[in-house]
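Report on one structure; see the data block that follows.
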Amino acid sequence: MKTSTLIKRFLPYFKRYKGTVAFDLMCAALTTVCELVLPLIVSEITDRATIDPASLTVKFVLTMGGVYLLLRVVDAAANYFMQSVGHIMGSKMETDMRRDLFHHLQQLSFGYYSETKVGQIMARITSDLFQVTEFAHHCPEEFFIAGIKIIVSFVVLCGMNIPLTLLVFAVLPFMLAAAFHFNRKMRRVMLARNKQVGEINAQVEDSLLGIRVVKSFANEGIEEEKFRQGNQRFLELKAESYKVMAQFGTSNRICDGLMYIIIVMAGAILIGKGKLSIADFTAYLLYATVLLNSIRRIVEFTEQFQQGMTGIERFFEILDAPEDIQDKPGAKEMKDVKGAVTFDNVSFHYADDNTEVLHRLNLTVQPGQSIALVGPSGAGKTTLCNLIPRFYDVTGGRILIDGQDIRDFTQQSLRQSIGMVQQEVYLFAGTVFENIVYGKPGATLEQVQEAAKMAGAHEFIMALPNGYDTYVGERGVRLSGGQKQRISIARVFLKNPPILILDEATSALDNESEHLVQQSLEKLARGRTVFTIAHRLTTIKGADTIWVLTENGVEESGSHTELMNKGGLYAHLYAMYTSEQKL
């Protein structure tokens, strides 16, 4: 994105703090005035010393000293505000941006997360926005101060000698051209550098979350080598950014020297011709120093500026990611759900692949009916179930609940009416109570305990060191697979949805855990419309209807007995599964 575009989009974040920004700039102006007054005082003293030394009375010197001391007190107070309240304002803006970014991330669909590394997202929401704090605070004041110094210096110096002033300021276009050239190079390098930080985060996250696999294969060396390569690439990019900064700084030092030599040489000639006084020459040198110091500050700020702009650009890259699934205008709340589900000519393909996973599917499920989905991997069983809560939107046709298109309802009310128990259970880092109450925020301990009892989890929870207040660890690592699954079932019991989706909920469990979890699931399924994706075919014999999905759609449907008597694909799959079990 262009710098002007980024700044224009970033400006609304200043709006809330416009009073603070205005006062910060006023303080910046005060500190600048204090700095610009000193050359005038020195010029006045030098002028009197050369023309009329007797006029340098104690009263005059003390007056000048008192004025400058007063200005320094003002400068100190203004600088304190800039360093404290100004920085706090930058932190508040960073907080606002992080809030907006996290909110937007919550609205993005599964499709976005399937294509984006979590480590990259973490880099943007943390380190990238850290860089914005300094930018938000310093950017207005640095350019404001530099602008004041350049304008005031130009006006004052023109009052002394216009030709010399124009000659000195003729160097500035070359400095600005160098700044523009190196800024473009620096933006490119810093974007790559920040992206590499995200890659390192993603690699570390991947390695640490899979630490059990790493250790079981004794592949610590492989992980260290992968990290070394990413870390080395980051070093190379950082070194490249410092080289660009060094080139920028060197070009500015050359311009500094050129400006000084012009003042010294041209000033000496003008003094010799009587067209410039020694006092004005001294003031020229002092103002040139002020001017060059302000330019140096801009040069030094360039890295911070580019880091801030890079962070803002990466921030808006996520904020611009489209919300694929949105509530349509006037979407209503889903209430009093009976549980009838209809697939009306439903087709679906993923955004990055035009091959249809589902093609013109027409199916009807009655309220309270139990549906089992079986078939080979890749047939679309999980995809079909993910369409019901609108984790993805159909690309053709429509899905109806109780005769109404699910797109007519708000996503929140739709998903509150659907409960899901998945093969890969996710527990948050927290207590058992916090993980169960997630199904119904605000529920009482008694309600949570009742849900746990119905899920067959209360007994083992009470045996834990702190009962419901036991910390389960990150992703529930302190619990067994069966315990985690029963907690997830308790969470759905507490939610009490009319529609239930079971996605291979017992396939990863041992026989004993599977038996306990299956009992809990049978309790959970009573009186609800249930979709079960089955890996273990013996667990779905009691389903009202079994759908056999293949790449051609629903090849067969019926009860277990009907499909076995038919002797088709289901009977073949069941025979193959039971023979494997006997082995």
Side-chain angles (χ1 to χ4, degrees), residues 339-343 361-386 388 418-425 454-457 481-482 485-486 488-490 492-493 497-583:
V341 181
T342 303
F343 297 86
L361 204 64
N362 289 282
L363 297 164
T364 301
V365 181
Q366 299 302 324
Q369 192 173 8
S370 173
I371 303 295
L373 290 84
V374 301
S377 297
K381 302 184 296 295
T382 299
T383 299
L384 179 68
C385 290
N386 282 336
I388 301 172
I418 300 170
M420 298 191 74
V421 180
Q422 298 168 312
Q423 176 183 348
E424 294 183 13
V425 179
M454 295 176 72
Q485 192 63 281
R486 278 180 280 168
S488 75
I489 294 170
V492 178
F493 261 118
I499 299 172
L500 186 63
I501 297 172
L502 308 176
D503 189 352
E504 302 197 47
T506 63
S507 63
L509 304 178
D510 58 73
N511 290 334
E512 182 180 355
S513 297
E514 179 191 7
H515 178 69
L516 293 170
V517 169
Q518 193 61 41
Q519 288 180 327
S520 301
L521 290 174
E522 288 171 3
K523 287 183 186 178
L524 182 60
R526 290 171 192 162
R528 309 177 201 272
T529 301
V530 182
F531 294 85
T532 304
I533 299 173
H535 173 72
R536 301 184 179 183
L537 300 187
T538 51
T539 63
I540 57 164
K541 291 171 66 175
D544 297 324
T545 304
I546 298 171
W547 294 344
V548 183
L549 263 68
T550 69
E551 59 183 14
N552 298 319
V554 178
E555 290 271 340
E556 298 176 346
S557 66
S559 66
H560 171 75
T561 303
E562 291 170 346
L563 293 177
M564 289 299 291
N565 291 336
K566 188 177 180 180
L569 179 58
Y570 176 79
H572 172 71
L573 291 172
Y574 189 83
M576 187 168 59
Y577 175 76
T578 51
S579 64
E580 287 175 354
Q581 292 298 102
K582 290 176 182 177
L583 291 175

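The first residue in the sequence is number 1, and the count goes up from there.
- The shortest side-chain heavy-atom distance between M576 and L573 falls under the 4.5 Å cut-off.
- Of all non-hydrogen atoms in L549 and P376, the two that sit nearest each other are O-CD, 3.3 Å.
- Distance alone, capped at 3.5 Å, places no donor-acceptor pair between the S557 side chain and the I546 backbone.
- Of the inter-residue distances, the one linking L373 atom CG with L502 atom CG reads 11.0 Å to the nearest 0.5 angstrom.
- The side-chain heavy atoms of T545 and Q369, taken from C-beta on, include a pair separated by under 4.5 Å.
- In this structure, the separation between CD1 on I533 and CD1 on I501 is 7.5 Å, given to the nearest 0.5 Å.
- Not a single donor-acceptor pair under 3.5 Å links the side chain of K381 to the backbone N or O of V548.
- Using a 4.5 Å heavy-atom cutoff, the side chains of P497 and I418 are not in contact.
- Nearest heavy atom pair, residue S488 against residue V425, reads CB-CG1, 3.7 Å.
- The heavy-atom pair separating L563 from Y570 by the smallest distance is CB-CD2, 3.4 Å.
- Summarising the geometry, atom CD belonging to Q519 is positioned 13.5 Å from atom CG belonging to L524; distances are rounded to the nearest 0.5 Å.
- Of all heavy-atom pairs spanning K523 and M454, the tightest one is CD-O, 3.3 Å.
- Here the straight-line distance linking atom CD of E562 with atom CE of M564 works out to 13.0 Å at 0.5 Å rounding.
- In this structure, OG on S559 lies 8.0 Å from CG on N565, to the nearest 0.5 angstrom.
- At least one donor-acceptor pair under 3.5 Å links the side chain of R486 to the backbone N or O of G456.
- Contact annotation: the side chain of V365 approaches that of W547 to within less than 4.5 Å [non-hydrogen atoms, C-beta and beyond].
- Note that the CD1 atom of I388 and the CZ atom of F343 stand 4.0 Å from one another [nearest 0.5 Å].
- Side-chain contact between L384 and L361: present, with at least one pair of heavy atoms (C-beta onward) separated by less than 4.5 Å.
- Residue E555 qualifies as enclosed at atom CD: its count of foreign heavy atoms under 6.0 Å is above 12.
- Paired with M420 under the rule side-chain contact (heavy atoms from CB on, under 4.5 Å), one option of D503, N386, V492 passes, and it is N386.
- Using a 4.5 Å heavy-atom cutoff, the side chains of Q485 and V421 are in contact.
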